Amino acid sequence: MLTAIGDMHLDKLERHIPGAYKSILSTFDKVVQNEIDRGTPAIVQLGDIFDNAYPYQIHIHALLQSLYKANDVEIYLIPGNHDFDDVNNYALRTIRYLFKIGFLKGKVFLKPEVVSIDGDKYLFCPHPYVVNDPPKGVRFCFGHFGFEGARGDNGYV
């Protein structure tokens, strides 16, 4: 079974509590290491890693250090609405590149995708996509899923 962690908003508190991201990532590191020790095959970060699409480099660097420590397992990052501005501007560009070249183990999802992990199928659905009817055989869905009457952050149905 995977481990899922969501909504770290690493840079959200910075103007109120300088260095808050260090405490957030320290907790993240402890949880991830505990789950690695328990045998998790993968860590899924459910989005809103940052509070905007243009985080400070110090926050990206700190997250990279945490991800590198966890390089024993696959790390799957699903951008949330706070991580995303548009298709070319999102907070996880550098991290996506480091996954792509094999420096880190894992993937940043930019479109809905079904992934098989230990024989189970998982649907990862990043912002801004909405999946109303997940594919057959999918055990768990992580991301954004529509339902009749749902309202977004902007208030629209």
Side-chain angles (χ1 to χ4, degrees), residues 1-113 115 117 122-131 140-147 150-156:
M1 186 66 64
L2 328 170
T3 300
I5 300 169
D7 291 87
M8 293 194 296
H9 290 275
L10 287 178
D11 46 350
K12 174 80 172 171
L13 297 175
E14 197 62 27
R15 67 177 175 247
H16 303 293
I17 306 169
Y21 72 96
K22 293 176 187 175
S23 296
I24 295 167
L25 286 174
S26 174
T27 301
F28 175 79
D29 292 346
K30 290 173 188 167
V31 168
V32 168
Q33 189 57 55
N34 182 60
E35 292 304 303
I36 289 171
D37 292 345
R38 291 169 44 112
T40 190
I43 305 291
V44 179
Q45 207 298 328
L46 302 171
D48 295 345
I49 296 167
F50 297 103
D51 201 51
N52 67 77
Y54 309 99
Y56 292 119
Q57 290 298 308
I58 193 167
H59 298 139
I60 294 171
H61 181 261
L63 177 61
L64 285 171
Q65 288 178 311
S66 289
L67 296 176
Y68 188 74
K69 287 181 210 171
N71 224 14
D72 293 334
V73 297
E74 297 283 331
I75 304 284
Y76 297 117
L77 305 178
I78 304 170
N81 60 312
H82 289 269
D83 300 311
F84 189 88
D85 191 11
D86 61 49
V87 71
N88 295 312
N89 298 295
Y90 54 95
L92 305 173
R93 286 182 315 238
T94 301
I95 295 165
R96 180 174 179 251
Y97 174 75
L98 294 173
F99 282 139
K100 203 172 200 174
I101 66 169
F103 183 76
L104 295 170
K105 285 174 59 174
K107 184 172 184 173
V108 172
F109 292 87
L110 297 181
K111 62 182 182 177
E113 187 174 329
V115 175
I117 301 169
Y122 299 86
L123 173 63
F124 298 129
C125 185
H127 180 80
Y129 290 93
V130 175
V131 174
F140 289 104
C141 302
F142 297 109
H144 294 258
F145 302 93
F147 61 91
R151 292 193 182 271
D153 289 349
N154 59 10
Y156 291 106

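Because only heavy atoms are used, hydrogens play no part in the values below, and waters and symmetry mates are left out as well, while side chains stay in. Please read all numbers here as calculations on a predicted model, not as lab measurements.
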Taking everything shown except Lys105 itself, do over 12 heavy atoms lie less than 6.0 Å from its NZ? yes
Spacing of Glu35 atom CD and Lys30 atom NZ [to the nearest 0.5 Å]: 15.0 Å
Shortest non-hydrogen contact between Asp83 and Asp48, atoms and distance: OD2-N, 2.6 Å
Any idea which heavy atoms bring Arg96 and Tyr90 closest together, and the distance? CD-OH, 3.2 Å
Quick one: OG1 on Thr3 to CD1 on Ile43, what's the gap to the nearest 0.5 Å? 4.0 Å
What one should report as the nearest heavy-atom pair of Pro41 and Ile117 is CG-CG2, 3.8 Å
Contact summary for Asp11 and Asp51, nearest pair of heavy atoms: OD1-N, 2.6 Å
Can you measure from CZ (Phe109) to CZ (Phe142) and round to the nearest 0.5 angstrom? 11.0 Å
Distance from Asp7 atom CG to Leu46 atom CG, nearest 0.5 Å? 7.5 Å
Looking at the rings of Tyr68 and Phe103, which for Trp means the six-membered one, are their centres under 6.0 Å apart? yes
According to the interplanar angle, ranging from 0 to 90°, do the rings of His9 and His82 count as parallel (below 30°), tilted (30 to 60°) or perpendicular (above 60°)? perpendicular
Would you check if there is a donor-acceptor pair between the side chains of Gln33 and Asp29 at a distance under 3.5 Å? no
Minimum heavy-atom distance Ala20-Leu13, with the two atoms named: CB-CB, 3.8 Å
Taking the side chain from Glu14 and the backbone from Gly19, do they hold a donor-acceptor pair closer than 3.5 Å? yes
For the atom pair CD1 (Ile5) and CD1 (Ile75), what is the distance rounded to the nearest 0.5 Å? 8.0 Å
Would the number of heavy atoms belonging to other residues, nucleotides or ligands and lying under 6.0 Å from OH of Tyr54 be above 12? yes
Tell me, do Leu63 and Phe50 make a side-chain contact under 4.5 Å, heavy atoms counted? yes
Test log, rule side chain to side chain donor-acceptor pair (under 3.5 Å), inputs Asp37 and Asn34: CA-CA 5 Å; Asp37 292 345; Asn34 182 60; over 6 Å; no
CD1 of Ile60 to OH of Tyr21, rounded to nearest 0.5 Å, is 12.0 Å
Classify the ring geometry between His127 and Phe84 as parallel (under 30°), tilted (30 to 60°) or perpendicular (over 60°). perpendicular
Looking at Gln45 and Leu77, what are the two nearest heavy atoms and their distance? CB-CD2, 3.4 Å
